[in-house]
There are 2 protein chains.
Amino acid sequence: MATGRDVAQLAGTSTAVVSYVFNNGPRNVSDETRAKVLAAAEKLNYRPNALARALSFGRTASVGLIVPDIANPFFGELARALEDAAIARGDLLLIGDSALDEDREAQIISAFVDRRVDSVVMVSIREHPDFSAFTQAGIPVVALHPVDRGSAASSITIDYEEAARAAAEHLVSHGYDSIALLNGPYDSVGAGQHRRGFAAAVDRAGTPIRTIEVNSATSRADAAARALDWLARPDRPRAVTCATDEQAYGVLHAAHRLGLRVPHDLAVMGFDGTGHSAFAVPALSTVRQPIPRIAERAVGLLAEADGDPVHEVLGYELELRESCGCGDRGE
Amino acid sequence: MATGRDVAQLAGTSTAVVSYVFNNGPRNVSDETRAKVLAAAEKLNYRPNALARALSFGRTASVGLIVPDIANPFFGELARALEDAAIARGDLLLIGDSALDEDREAQIISAFVDRRVDSVVMVSIREHPDFSAFTQAGIPVVALHPVDRGSAASSITIDYEEAARAAAEHLVSHGYDSIALLNGPYDSVGAGQHRRGFAAAVDRAGTPIRTIEVNSATSRADAAARALDWLARPDRPRAVTCATDEQAYGVLHAAHRLGLRVPHDLAVMGFDGTGHSAFAVPALSTVRQPIPRIAERAVGLLAEADGDPVHEVLGYELELRESCGCGDRGE
DNA sequence: CTGAAAGCGCTTACAG
DNA sequence: CTGAAAGCGCTTACAG
């Protein structure tokens with residue numbers, strides 16, 4: 001490919017001027033010279049090498065995103081929203097999929113540090129994520145989940161406990177007398193929040209409610225396998241609230257296989273609220289996370305990062321559809 | 001961050017030696033010196049700057065992926081498989097989501113060229129993708145869809161026409177006498193292949209079959225909206241074969257809203273066959289593309305790229321489940 | 001307004 | 001086996 005020197009040569013000027021033209025500064029260039037440079041660049045199909053640029057400029061114009069599972073539509077939507085936000089600022093989003101593997105996560109972190117991304121948005125799969133590689137490199141990080149106190153990373157989240165409570169409370173309001181919580185792995189941070197929110201809703205119910213917590217990985221396959229087993233029992237619950245939509249889809253599938261009708265025999269509530277949830281069979285009631293807002297705030301916060309971590313809590317919305325017993329299939 | 005010079009200084013040697021140590025070559029380093037360098041690097045938490053490395057080495061150790069819609073699980077699975085293949089070779093996968101927008105696709109192409117990715121895997125949203133930016137930069141490209149004759153890009157695909165025929169033929173074998181093709185946008189290349197495959201299956205059927213082609217965008221929302229309208233009519237088809245699983249999910253949802261039971265009232269066949277298809281309600285019969293194999297071949301082919309485009313056709317598999325009338329929900 | 005030169009942090013022939 | 005130096009392709013003070 002043509003370099004700045006090729007362009008300078010053809011235009012009869014210096015590489016400094018070529019740079020001034022392509023960056024609109026920091027020095028002025030006469031209209032005449034500018035035109036010559038542009039013409040030469042056009043002719044040679046010149047594109048400044050972003051690597052060389054980043055090396056001397058000290059900024060790569062890229063933000064890294066690390067997600068646990070890019071095949072999960074929640075992260076797909078998140079990636080898209082972040083890419084929109086990043087591109088609007090002239091940055092490129094680099095997406096790393098840790099594939100629910102801690103080693104893979106570590107590899108991606110190293111790759112991002114080595115490539116000197118300017119900032120990072122992260123959804124870690126670890127209980128206590130280690131942000132030190134980024135902080136040592138001076139790369140600001142925003143996590144999209146709660147972080148430990150004193151952590152160097154910022155965070156943007158909804159109030160999971162509160163949202164989980166709202167979801168369960170809604171099922172209570174339908175009058176269901178036995179409700180299950182299909183939670184993530186028992187010891188995960190997220191599971192604790194869903195558990196506490198669920199318990200609060202049950203506590204506040206006027207009537208006694210039979211409850212049970214079941215755990216599965218955050219995947220349709222695992223959730224379906226667990227549900228298939230547990231919904232077949234005579235004492236199966238009347239309703240289930242799930243920690244993620246992915247798990248809810250697994251429950252919907254399992255219920256169908258068992259001949260249980262949703263919501264008639266089993267009410268189901270999801271959590272995350274991606275666009276796909278509206279097209280489930282039946283349409284899935286869920287808690288919607290404000291993905292566009294999360295993305296916009298994350299990118300904005302990273303752009304203004306001054307070293308001090310910031311923690312923001314955004315609102316969620318209850319999306320009531322057929323699966324919990326609200327509305328009918330026709331609407 | 002610490003640089004190679006910092007390490008050299010602390011180890012009492014030169015940057016050349018630091019480089020030799022970290023690259024295991026091209027020159028030998030005495031064990032003693034190596035140990036000193038490693039200790040200094042450890043102490044300073046040194047990580048070679050990948051930008052500088054790429055600039056002088058002429059290789060970025062990164063492959064770019066451009067997909068139309070990262071929220072579509074097919075591309076999610078593809079991205080994951082490619083990342084596996086790339087990481088196994090020590091490369092980083094950069095994922096760009098063109099969000100079904102031609103301008104966005106062009107932006108990503110420029111960003112990849114500017115960053116000098118070593119190679120590119122691309123699923124374009126354009127009828128006649130323009131690979132010139134890559135070829136001018138000497139970056140080999142493999143498209144995961146058929147490409148124009150004489151194109152500089154390689155391609156790896158299944159035989160879509162043949163696969164579409166097999167899917168439709170399977171519905172014919174069930175004895176359904178009216179079958180619809182829910183295809184992508186009428187003029188797209190893909191649509192032509194599905195159309196021809198579908199027509200071939202119908203032609204070969206021993207009995208007359210009533211057919212209709214309906215078009216929608218490749219999204220659940222659009223497919224559901226179309227299906228809601230068209231499945232409500234009295235002359236609705238007995239079976240539908242779709243150009244993508246996404247569209248099939250939309251049909252499943254619409255059928256449910258209309259009170260039609262699948263497969264009893266309407267048989268449905270998808271196309272793509274991601275892991276999610278097994279957990280649809282009901283489980284979706286579909287054509288499975290060999291994603292892991294596609295990814296592995298793509299990365300392999302790019303690694304050996306010698307300039308001449310290569311075109312490979314891989315096998316597909318018919319995945320028969322409940323939605324077409326095969327098997328029962330219990331299995 | 002413009003050019004020659006130093007520097008970003010690496011790699012790698014070239015000498016020793 | 002090791003070091004001093006040139007070069008990858010940019011940007012930006014520094015002089016003019």
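The chains referred to below are lettered A, B, ... by the order of the sequence lines, with proteins before strands, and numbering in each begins at 1. What you see is a predicted model; the values in this text were computed from it and never measured.
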- Between B:E77 and B:R80, is there a side-chain N and carboxylate O pair less than 4.0 Å apart?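 B:R80 and B:E77: not salt-bridged.
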- Treat a base pair as Watson-Crick or G-U wobble with both distances under 3.5 Å, then lay out DNA chain C in dot-bracket form, 5' to 3', with | for cross-strand pairs. |||.||||||||.|||
Ignoring hydrogens and geometry beyond distance, is a side-chain donor-acceptor pair present between [X] and [Y] at under 3.5 Å?
{"X": "A:D130", "Y": "A:S132", "result": "yes"}
{"X": "A:T60", "Y": "A:S62", "result": "yes"}
{"X": "B:E127", "Y": "B:S188", "result": "no"}
{"X": "A:S124", "Y": "A:E105", "result": "yes"}

- Message: Would you say B:T13 places a side-chain N or O within less than 4.0 Å of OP1 or OP2 belonging to D:dG3?
- Response: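 Checking B:T13 against D:dG3: at least one side-chain N or O falls below 4.0 Å of OP1 or OP2.
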- Item | Phosphate OP1/OP2 of C:dG9: any B:T3 side-chain N/O under 4.0 Å |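 Looking at the OP1 and OP2 atoms of C:dG9, neither is under 4.0 Å from any side-chain N or O of B:T3.
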- May I ask you to say what B:N28 touches in the nucleic acid, namely base, sugar-phosphate or nothing, with a heavy-atom cut-off under 4.0 Å?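 Since a base atom lies under 4.0 Å of B:N28, the category is base.
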- For atom CG of B:D31 and atom P of D:dT2, their distance in whole Å: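 After rounding, the gap between these two atoms is 10 Å.
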- Message: How would you summarise protein contacts on nucleotides 11-16 of chain D per nucleotide, using B for base, S for sugar-phosphate only and - for none, with heavy-atom distances below 4.0 Å?
- Response: SBB---
- Test item: A:I156 and A:L314 side chains (from C-beta on) under 4.5 Å apart, heavy atoms: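 In contact.
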